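In what follows, a single structure is set out as structure tokens and then discussed.
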Number of protein chains: 2
Amino acid sequence: MKAEDRRALIIDAAMAVFGDTGYVGTTTDQIAREAGVSQPYVVRMFGTKEKLFLAVLDRALTRLLESFREVLADDAGGGERDELHRRFGTAYIDLLRERGLLASLMHAFLLGTDPIIGKAARCGFLDVYRFLRTEADFTAEEVSEFLAGGMLINTMLGTRMADDYDSDPLVRELLDTALPTKVEHLIEAGRA
Amino acid sequence: MKAEDRRALIIDAAMAVFGDTGYVGTTTDQIAREAGVSQPYVVRMFGTKEKLFLAVLDRALTRLLESFREVLADDAGGGERDELHRRFGTAYIDLLRERGLLASLMHAFLLGTDPIIGKAARCGFLDVYRFLRTEADFTAEEVSEFLAGGMLINTMLGTRMADDYDSDPLVRELLDTALPTKVEHLIEAGRA
DNA sequence: GTCTATACGGCGATAGAC
DNA sequence: GTCTATCGCCGTATAGAC
């Protein structure tokens, strides 16, 4: 297999595991096993664990903005404002299908004290903010509200709250209210 | 010094450091230095690092609900609904003064895959949800919106976004919009 | 391009003195 | 109640073969 394909494969594996157990809590060995390669090869290919995480972060942000740009392209300024917002919400929820993507993002957002990763995370968050504000023409209040909902979803994902969806009616209410669309994806993601 | 006082002191120190670098990213030695004691003593007093983190989590949740109950007590059902919500928001922002409290909470919320800490985090989150829903009489939608705003604040805290408050006008707009009241506390907290 | 073997450092936890 | 000394493990990274 070519290095480039292997690289993409390892990034996907890393995203999945980083999403589960965070940057510090994940070992390069876990990632290697997930990707079906040896631990030293993972390090060799990316230089350091830190650089691998940065690659995952970059991938996640690229996918996120890609999805959002698609929504914008499909819309083409014709429809109503509320409908557009709803479709951004749906696009976000759909990203839950890509294992570890939003979870890795969220973990990155809590690494602000790390000089390298922290800076990358702030820049990435701002890129999303800038997109919604300028390209999608949200007002500052609209962006804030949209991002807040997103962070609540990410938090629910992080707590694995969906694991208790059936056993606790309060959890059911919480998730049904917090999510803009149906909850199946989150439950899937939570249990994967 | 008595063990009980030392215990409280170490919990405070641990909250500060865990808030900065998370559960896995924090060493018991860092906590010990912050508390001005030896590393083995920290472990000795709490048994394990995990139990120490659980103590910090418990402390944070207790303080949070304490603050909220005060708001409710002061209000006594007299004022308007919106005003009460605003005061809950202010109470939340005030907790940013207690170093590492909200940040440690947020880190706990991303540890859902940990069998022990994850369960505690889910229960804690639900306790807050239950309080707002039943004691404070929020509707499910009101709770969801309130929590979403809180999670956005926590995320901004985690990214240390406030460090760029002066240098980037977009950051300024983001923080000014995302925070229900004035931003000074967060900036303080972000730079402490 | 990918592996095996291994060096090296760091961290949680224990032992035991004072 | 608190410290010093230290063990043992684990994880990243390197060396080098195939």
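Just so we're clear, the structure is a prediction, and the values are computed from it rather than from any experiment. The sequence lines fix the lettering, A, B, ..., with proteins before strands; numbering per chain opens at 1.
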Inset, instruction - Using only side-chain N and O atoms of B:Thr27, determine if any of them is under 4.0 Å from OP1 or OP2 of C:dC11. - result: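 No, B:Thr27 has no side-chain N/O under 4.0 Å of OP1/OP2 on C:dC11.
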
Legend entry - Residue met sooner reading DNA chain C from 5', once B:Arg44 and B:Lys49 are mapped to nucleotides: B:Lys49

Whole angstrom is fine here: how far is it from [atom1] in [X] over to [atom2] in [N]?
| X | N | atom1 | atom2 | value |
| --- | --- | --- | --- | --- |
| B:Gln39 | C:dA15 | CD | C1' | 13 Å |
| B:Phe46 | C:dG12 | CZ | P | 15 Å |
| B:Leu52 | C:dA13 | CG | P | 10 Å |
| B:Asp29 | C:dG12 | CG | P | 8 Å |

Inset, instruction - Anything under 4.0 Å to a heavy atom of chain A counts; send over the first and last such nucleotide of DNA chain D, read 5' to 3'. - result: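 First-to-last contact on DNA chain D, by the 4.0 Å heavy-atom rule, is D:dG11 to D:dG16.
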
Inset, instruction - Classify the nucleic acid contact of A:Thr28 as base, sugar-phosphate or nothing, counting any heavy atom under 4.0 Å across all strands shown. - result: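 Answer is sugar-phosphate: A:Thr28 comes under 4.0 Å of backbone atoms only.
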
Inset, instruction - Using a 4.0 Å heavy-atom cut-off across all strands, classify B:Met45 as base, sugar-phosphate, or nothing. - result: nothing

Inset, instruction - Fit a plane to each ring of B:Tyr23 and B:Phe18, take the angle between them on a 0 to 90° scale, and name the class: parallel (under 30°), tilted (30 to 60°) or perpendicular (over 60°). - result: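 Taking B:Phe18 first and then B:Tyr23, their aromatic rings sit tilted (interplane angle of 30° to 60°).
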
Inset, instruction - Can you label the angle between the A:Phe68 ring and the A:Tyr92 ring as parallel, tilted or perpendicular, going by 30° and 60°? - result: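 Aromatic pair A:Phe68/A:Tyr92 classed tilted.
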
Legend entry - Residue pair B:Thr21 / B:Thr26, side-chain donor-acceptor N/O under 3.5 Å: yes

Inset, instruction - Could you tell me whether B:Phe46 and B:Phe53 have their ring centroids closer than 6.0 angstrom? - result: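 No, the ring centres sit 6.0 Å or more apart.
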
Inset, instruction - Select from B:Pro40 and B:Ala3 the residue whose nearest nucleotide in DNA chain D is closer to the 5' end of that strand. - result: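 Residue closer to the 5' terminus by nearest nucleotide: B:Ala3.
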
Inset, instruction - For the pair B:Arg97 and B:Asp94, find out whether any cationic side-chain nitrogen is under 4.0 Å from an anionic carboxylate oxygen. - result: yes

Legend entry - Where at least one partner belongs to residues 127-154 of chain A, residue pairs that pass salt bridge (charged side-chain N to carboxylate O under 4.0 Å, His left out), sequence neighbours excluded: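 Non-adjacent pairs meeting salt bridge (charged side-chain N to carboxylate O under 4.0 Å, His left out): A:Arg69-A:Glu135, A:Asp127-A:Arg130, A:Arg133-B:Glu173.
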
